[in-house]
Structures are given as C-alpha cells and as structure tokens.
Amino acid sequence: MLKTGTSLVLAALLAAAPALAATPAQVDDAKAMLGKSIAFPTVAGRGQVPVYAAYLAGELKGAGFKDSEISIEPLGETASLILTWKGAGKKKPIVLNAHMDVVEAKREDWERDPFVMAEDGGYLFGRGISDNKFDVVMLVQTLITLKREGFKPSRDIVLFLTGDEETAQKTVAAIAPRYKDAAMVLNGDGGGGTLGADGKPLYYTMQTAEKTYADYKLTVTDPGGHSSAPRAENAILELGAALKRIADAPFPPETSETTRAYFAASAKRTPGEAGEAMARFGANPNDTAAADILAKYPEHIGTTRTTCVPTMINGGHAENALPQRAVANINCRIFPGTAPEAVRQRLQQLAGAKVMVTLPEPFPQSSTSPLLPELDAALRKAVDGRAKGLSIIPSMSAGTTDSLFFRASGIPSYGVSGLFMKPEDEYAHGLNERVPASAIGPALDHYRTLIASLAR
C-alpha cells in the first residue's frame, strides 16, 4: 500500500510515539456520553439534532475548548457542529467527520425503548448506537482527552458533525466545500474491523470508495373508473408487474481496483463458500455465479454490482375507484463509474412503456480516494494497537456516507471507524441496533493513536 522508502520513514517516526491506552475512567465517561447521546431522538422532523449538538458543544467546552472554536450551524430543523482546533500550521488540516442524526425507530417494534441505551448480554442497544453515535462519541471523547492532556496539534484539526446524513445530506453539501485545503477527511461512518465468530479480529477495512445514491420514481397513470367495472388496465397492477420485472433482472457484476484488492485479501481470511466466492470473483469479474453467492451475505451484497430495490409505494385515490395513479420509489446504490442516467434507462427498459421512470434529485458522484502514505502509516499503528499485523484492506461501501460530498469536492476521504464487530451483529437501520460493550476502550485507543499520530 505504501512506497517502500516513505513507508519506512513514517513507520519509524510513528513507532517512536508512546503507546496509548484508555483508562477505566475514560471508558466510563465515553459510555456515559454514549447513553446520553442515544437519549436524543435525532430523527428527521423532531428538531433534536441542534439540541444534541448543543450538548456535545457543552462537553467540549468543559474540556477547555473555547466558544470561539465551536459553532453550531442550523439548516432548517437540523444543524451541524463544527470544532476548529488550530494547530501550528505545519501541515494541511485534517477533518474528522461523523453524523449526529439517526433513522426512525418505533417503540412498539423494539424489544426495548430505542432511545434509552440498554446493556444486555455484552451488548449496548439503542437507535443509532452503531450508525453513527458510537463513533461520534469516540471522536468527541478522544479530542476531550487530548485537550485535557495538553496536546498541541501540528496542524488544524476540524471536527465536523453533520445533521442529516440519513436523509437529504444538505448539511455536508453546504459545508464540505469549505475544506478544499484539507489533507484528508477521516470519517467514522465507514470502515472498521471485522471479527470472526470467536470474537477475534479477521481484518480491518478502510473505506476509500462508495456507491452513488439515487432515488428513482416509477409512475403509472390511468383514467381510472368505478371499481364495480374492473378493466385489464390497472395502474397498481401495472406498477407491480414493472417492479417484479426489475427485481428479476439484477445488474451485471462490476469491479474496481478497490473491490479487487478487497476480495483478494478477504478471501484468504473468510471461511466457507463466501471465501471461495471472493477468490473466484476477484480472479474473474465475469463470474456471475460467484457474485450471486456473495449477494446472499448482507456484508457483501452491495459490493459486486449496482443494486436497486423498491422502498416506498403509493397508489389509488379512493377505496371504491380504479386507481388513476400509482407511484413507487426505487432506491439504487450505483457502482462507481456507472452513470445514474444509464441506470435510469435500464430501469425504464425493464419497467415498460406504460411506466415513466424519473430521477427527481441526482446525488453527486465521487471517485475513489487515493491511498496516502501518511494515513496508511498512522492507521497501521492504530490497528496494531488492537491486533498486531492485522490486514488493512481498502474497501467500497455499499451505502452512502458524507464522504461522497467531500470526494465530490476534491477532498480525499476515508472511512476509519474504531468499531470492531461481527457481521451478524450489524443491525444498523434495523431493530435492536447494538454494539459490543467491550468495543469502547479499543475504539478510544484507535482514534487517539490515529489522530495524535497525524497531528503530532
């Protein structure tokens, strides 16, 4: 991953830094902050993101950061929190990114109150605890620790917490272009460690690319009529048939430098049919059967091709009338390098002439972030603190993070989460979202090593 000469120099410098380990008190403080963070229902429409941002700002000020270094920037009913810790200016700034908002959770669907953190069986439960408040808290707590210890950064450190990553992403779109002079963005909402069934680390992924987000509207219109005189033409039936045709025709497999490197490295550490499929697909990107096997696993389903799935549907205007209109939303996660318009055309072809397929609001596309020797060396030291010599693998996220907008602005961005989890414990956006309670201490060590190494 690194040029040999540069790698050796950086490795030597970083190895000279003292080992870092979170104290029990720091772990307890982070756990308490995480519990308070879950209690803020930062769901779109509830107006709680600014309230949560104010709480975090208060914690940062309590650690010694000045009012002038912290700003809360409202945007509609949400907001961004920005901390600018000025350094000596020896290097370009680094931006630490995560998001404060979470997806909706209904109390009646959960075993526990989703907005009260609970501990059970070695796990901490709560809406947004893995996506993305765990890393929000670990980043904030790390900066608090460094500040209290008198750390003097050699470069500016910017903490930029967004407020609508789960919805419109307007906060990052508005603010990301300000940091075009940044050396890199370190995003807590991407990457991280993968644990095996026995709880031992298998590998660490660094997110260097992600798929493009797109919501397509499928619309069918019809004159309608009285429900007592049904006709062969029916807007709801036509829409349903179109959705079935799209579901039965998955996009062809695709690869990139990032995904090839990911599969080549992961195949050696993944047992069973998944590992075998990784090896086959890494060697032959036209192996559709291998791609189909990987699609059976939630952690791999979006890594081999563009995916499109219906997420919302609306039709009809009266219970006793034939529908005059039926509309479906299809959410696509588009493989880097594929144009959203090409996806729309494919959906239109599959849907048929009676269905109109549109893309109301295109999202920006981004390229893959280059590997940076400085970051690689710092991340190597951070990961070694958890598992010496553990493989660090570039990866592409199947979902969309705020990094998309940084990359679109020409700013290299990397998912470097401090969270290590088993794939089967991933419940982000779902019921009973959780993280291992034991993950807090190692995550604090991870971020402290990473940030201190880059800003020393």
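In this text, all values refer to a predicted model and were calculated from it rather than measured experimentally.
A cation-pi arrangement is present between Lys133 and Tyr52, with the terminal nitrogen or guanidinium carbon under 6.0 Å from the aromatic centre and inside a 45° cone about the axis. Relative to the six-membered ring of Tyr216, Arg344 misses at least one condition, a distance below 6.0 Å or an angle of at most 45° to the axis. Cation-pi geometry between Arg434 and Tyr123 is satisfied (NZ or CZ under 6.0 Å from the ring centre, within 45° of the ring normal).
The side-chain contact (heavy atoms from CB on, under 4.5 Å) test with Glu166 is passed by exactly one of Glu104, His99, Met100: His99. When Glu77, Glu165, Glu361 are each tested for a salt bridge (Lys or Arg N to Asp or Glu O under 4.0 Å) with Lys170, only one passes: Glu361. Each of Val136, Val137, Ile129, Val102 was compared with Ser37 under the side-chain contact (heavy atoms from CB on, under 4.5 Å) criterion, and only Val137 meets it.
Donor-acceptor pairing under 3.5 Å is lacking for the side chains of Gln207 and Asn187. Donor-acceptor pairing under 3.5 Å is recorded for the side chains of Arg333 and Asn331.
Not a single donor-acceptor pair under 3.5 Å links the side chain of Thr338 to the backbone N or O of Ile334. Distance alone, capped at 3.5 Å, places no donor-acceptor pair between the Asp135 side chain and the Ser417 backbone.
Aromatic ring pairs are classed by plane angle as parallel below 30°, tilted from 30° to 60° and perpendicular above 60°; the pair Phe363 and Tyr213 is tilted. Ring orientation note: the planes of Tyr179 and Phe160 are tilted relative to one another, at an angle of 30° to 60°.
Residue Lys61 places its NZ atom among more than 12 non-hydrogen atoms of other residues, nucleotides or ligands, all under 6.0 Å distant.
In summary, Arg305 and Glu254 do not engage in a salt bridge, as defined by a charged side-chain N under 4.0 Å from a carboxylate O. Using a cut-off of 4.0 Å between Lys/Arg side-chain N and Asp/Glu carboxylate O, Arg407 and Glu210 are scored as salt-bridged.
Between Phe281 and His300, the distance separating the two ring centers is not shorter than 6.0 angstrom.
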